[in-house]
Amino acid sequence: MSQLDMKMKLKQYEQTVIEYLGAQGGHFIVASDDQTFVGILRTTLLKQLAISGDPLTSVTDPDYILKVIRDTSLRRKHLVVFIERMMQGKDTSMLVRQMKNTFANVKIIILTGETERQRLVLLHEIGADNFISKPISINTLIEKIAFTIKPQGKLGQLIDAAKALVAQGNFETALKAARKILEVKPNSAAGYLVMGDAWQGLGKLDKARESFEQASEHANLYMEPLKKLAELHKLTGDMNERLRYLERLDQLSPLNVERKVDMGEIHVELGNEERAEELFETAVQQATKDALNYIGEISEKIAAVYSSRAPHKAEKYYRQALDAKGSHLDHTDIATFNRLGIALRRQGKWQQAIEEYEKALHITPDDPNLMYNMSMAYAEGRQFDKACSIVMRIRQITPSFGSMDKTLSYNMGIIFSRGRQPADARVLFENALRLDPSFEKAQKALENLES
């Protein structure tokens with residue numbers, strides 16, 4: 001796309017947002033404690049788009065989000081809610097579901113950093129209209145908002161119009177609109193989906209099923225046709241076919257606990273008690289894992305408060321955070337192990353810190369940060385031979401580790417010097433001085449080596 005085309009597209013996106021907040025009476029609610037993102041969004045609206053008035057309401061407490069939406073919806077026709085995937089250590093999936101079920105005029109954009117794909121699939125399934133990965137540029141932010149508000153093209157507008165006809169119960173006209181969509185884009189999954197809704201509204205369930213199957217065939221990863229087919233077979237009482245589509249949905253979105261319960265219920269009806277029990281057990285395990293993750297996140301947040309002020313209290317809450325995960329510990333918990341180890345070392349409990357690092361290394365055996373912290377713990381216990389062997393292992397696995405950090409280079413140099421490895425120590429002290437020629441401790445350590 002040429003620079004001119006890109007500028008024209010951006011103008012189109014900007015105009016969509018301006019009209020939404022102006023003529024259409026729209027409003028934005030941002031539920032986030034990330035003041036950087038809130039500031040970028042506000043600057044985008046007020047300066048880049050020159051929106052007058054106050055187009056944005058900010059909420060930092062998740063307990064007040066539904067109230068703010070309710071109050072705002074009384075005076076605004078349309079709302080876009082930006083919400084963090086995690087707020088105050090709590091997963092907002094349930095809140096997203098509540099918003100979508102309660103407020104028909106709300107579009108939801110999830111704000112997230114890196115997260116597992118299955119979690120995003122679940123959020124999309126329960127109501128998220130779009131996702132923003134932070135950090136984000138102003139132009140990309142405007143584009144994301146514009147596409148959330150309305151489709152940016154003829155086909156998308158036709159699809160929206162057809163969906164509106166279905167919602168109004170105007171099924172005959174919706175059917176004509178669906179055929180128009182398929183003329184513009186043959187084999188459009190969205191077109192077949194609207195057609196299926198129209199046929200179902202007209203009571204033609206066989207034709208509805210055919211349309212939904214066509215939609216699914218032309219979009220293998222599109223969950224909506226599968227959900228429609230599952231619901232259609234529930235209406236017709238065909239449990240085996242309903243189960244088949246629920247199983248396909250479960251493969252695409254395995255974190256949906258309620259669906260596993262629905263599948264288990266069908267297996268009970270079919271007399272498959274053993275399979276039903278497996279599904280119910282899996283549902284309980286997933287729900288338990290989600291709840292324990294929340295407990296762990298809260299415990300870690302409390303531990304962070306105490307981290308530098310009261311290491312013994314930080315230790316208590318870091319242990320709670322890890323204990324809450326039970327057998328579900330994975331690579332995402334390595335940072336917690338590291339912080340627990342640091343809290344222990346601050347109390348002089350270097351041996352206990354090593355025990356925690358060893359547990360973590362069973363999860364990620366070659367993590368250089370873990371190994372570095374373990375070497376520091378051994379050094380604090382004056383076990384310099386063991387500390388040296390670990391640093392040597394780090395430099396074998398990750399030769400560049402610490403090369404751009406003067407403190408890491410200096411600390412590893414000290415370990416080598418105390419472990420009677422002067423040549424390796426010299427290289428690290430010299431690197432620390434290369435990064436910061438005024439680093440007096442490194443200079444003195446190097447002079448001591450040479451004396």
Side-chain angles (χ1 to χ4, degrees), residues 6-88 92 95-113 123 127-153 156-157 159-161 163-164 167-168:
M6 289 173 66
K7 286 183 179 178
M8 290 177 65
K9 281 287 185 186
L10 180 58
K11 284 293 180 187
Q12 175 186 328
Y13 302 148
E14 288 178 345
Q15 194 57 41
T16 296
V17 179
I18 291 167
E19 288 178 1
Y20 177 82
L21 293 169
Q24 296 177 34
H27 190 74
F28 292 162
I29 294 173
V30 57
S32 174
D33 45 15
D34 180 350
Q35 293 308 307
T36 300
F37 175 78
V38 176
I40 289 171
L41 180 57
R42 195 178 293 278
T43 298
T44 301
L45 299 178
L46 300 181
K47 294 186 177 179
Q48 177 91 358
L49 303 182
I51 304 292
S52 59
D54 189 4
L56 175 68
T57 299
S58 178
V59 190
T60 57
D61 188 338
D63 292 337
Y64 289 96
I65 293 172
L66 292 176
K67 182 180 185 305
V68 170
I69 295 173
R70 187 177 296 108
D71 293 347
T72 308
S73 64
L74 294 175
R75 51 191 173 82
R76 297 285 185 173
K77 293 180 182 178
H78 308 288
L79 295 176
V80 172
V81 176
F82 302 79
I83 182 169
E84 297 284 352
R85 192 189 77 77
M86 300 290 298
M87 280 192 77
Q88 297 183 2
T92 57
L95 198 52
V96 170
R97 190 191 298 273
Q98 286 179 282
M99 280 191 275
K100 213 62 180 179
N101 289 341
T102 308
F103 304 102
N105 63 336
V106 168
K107 299 276 190 180
I108 300 172
I109 299 177
I110 305 294
L111 308 175
T112 182
L123 284 163
D129 296 284
N130 214 331
F131 297 87
I132 286 177
S133 295
K134 299 182 295 181
I136 189 169
S137 69
I138 286 179
N139 288 353
T140 305
L141 177 59
I142 292 170
E143 180 180 349
K144 285 272 188 180
I145 296 170
F147 272 93
T148 304
I149 291 167
K150 75 171 187 178
Q152 299 296 300
Q157 290 165 13
I159 292 167
D160 262 14
K163 287 179 178 177
Q168 295 161 11

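What you are looking at is a predicted structure, and each value in this text was computed from that prediction instead of being measured.
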Start with the C-alpha gap between Val17 and Tyr13, add the side-chain angles, then the distance that decides, and say whether side-chain contact (heavy atoms from CB on, under 4.5 Å) holds. CA-CA 7 Å; Val17 179; Tyr13 302 148; 5.7 Å; no

Run Lys134 and Asp34 through salt bridge (charged side-chain N to carboxylate O under 4.0 Å, His left out) and show every step you take. CA-CA 10 Å; Lys134 299 182 295 181; Asp34 180 350; 2.8 Å; yes

Steps toward side-chain contact (heavy atoms from CB on, under 4.5 Å) verdict (Asp54, Arg42): CA-CA 9 Å; Asp54 189 4; Arg42 195 178 293 278; 3.9 Å; yes

Output, in order, the C-alpha distance, side-chain angles, deciding distance and verdict of side-chain contact (heavy atoms from CB on, under 4.5 Å) for Ile142 and Leu49. CA-CA 9 Å; Ile142 292 170; Leu49 303 182; 4.1 Å; yes

Set out, in order, the CA-CA distance, both residues' side-chain angles and the distance that settles side-chain contact (heavy atoms from CB on, under 4.5 Å) for Ile138 and Ile40, then state yes or no. CA-CA 7 Å; Ile138 286 179; Ile40 289 171; 4.2 Å; yes

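Proximity of Thr16 to Lys150: side-chain heavy atoms (C-beta onward) are separated by under 4.5 Å at one or more points. Residues Val30 and Thr57 have side chains not in contact (no heavy-atom distance under 4.5 Å, counting atoms from C-beta outward). Between Phe103 and Gln98, every side-chain heavy-atom pair lies at or beyond the 4.5 Å cut-off. Contact annotation: the side chain of Ser32 never approaches that of Phe82 to less than 4.5 Å [non-hydrogen atoms, C-beta and beyond]. Taking 4.5 Å as the limit, some side-chain heavy atom of Leu95 sits within range of a side-chain heavy atom of Leu66.
With rounding to the nearest 0.5 angstrom, the CD atom of Gln48 is 5.5 Å from the CD atom of Glu14. Between the CG atom of Leu141 and the CD1 atom of Ile145 there is a distance of 4.0 Å, given to the nearest 0.5 Å. Of the inter-residue distances, the one linking Met99 atom CE with Leu79 atom CG reads 11.0 Å to the nearest 0.5 angstrom. In this structure, the separation between OG1 on Thr92 and CD1 on Ile65 is 7.5 Å, given to the nearest 0.5 Å. In this structure, NE2 in His78 is found 10.0 Å from CD1 in Ile149, a value given to the nearest 0.5 Å. Rounding to the nearest 0.5 Å gives a distance of 4.5 Å between CD1 of Ile132 and CD1 of Ile136.
Heavy-atom minimum distance, Gly25 versus Arg76: O-CD, 3.6 Å. The two residues Ser73 and Asn105 make their nearest non-hydrogen contact at CB-ND2, 4.1 Å. The two atoms that bring Ile110 and Ile108 nearest to each other are CD1-CG2, 4.0 Å, heavy atoms only. The shortest non-hydrogen separation linking Ile51 to Leu46 is O-CD2, 3.5 Å.
Using bins of under 30°, 30° to 60° and over 60° for the plane-to-plane angle, the ring pair Tyr20/Phe28 lands in the parallel bin.
Put simply, the side chain of Lys144 gets close to the backbone of Phe131: a donor and an acceptor are under 3.5 Å apart.
Residues forming a salt bridge (charged side-chain N to carboxylate O under 4.0 Å, His left out) with Lys100 (at least two apart in sequence, or on another chain): Asp129.
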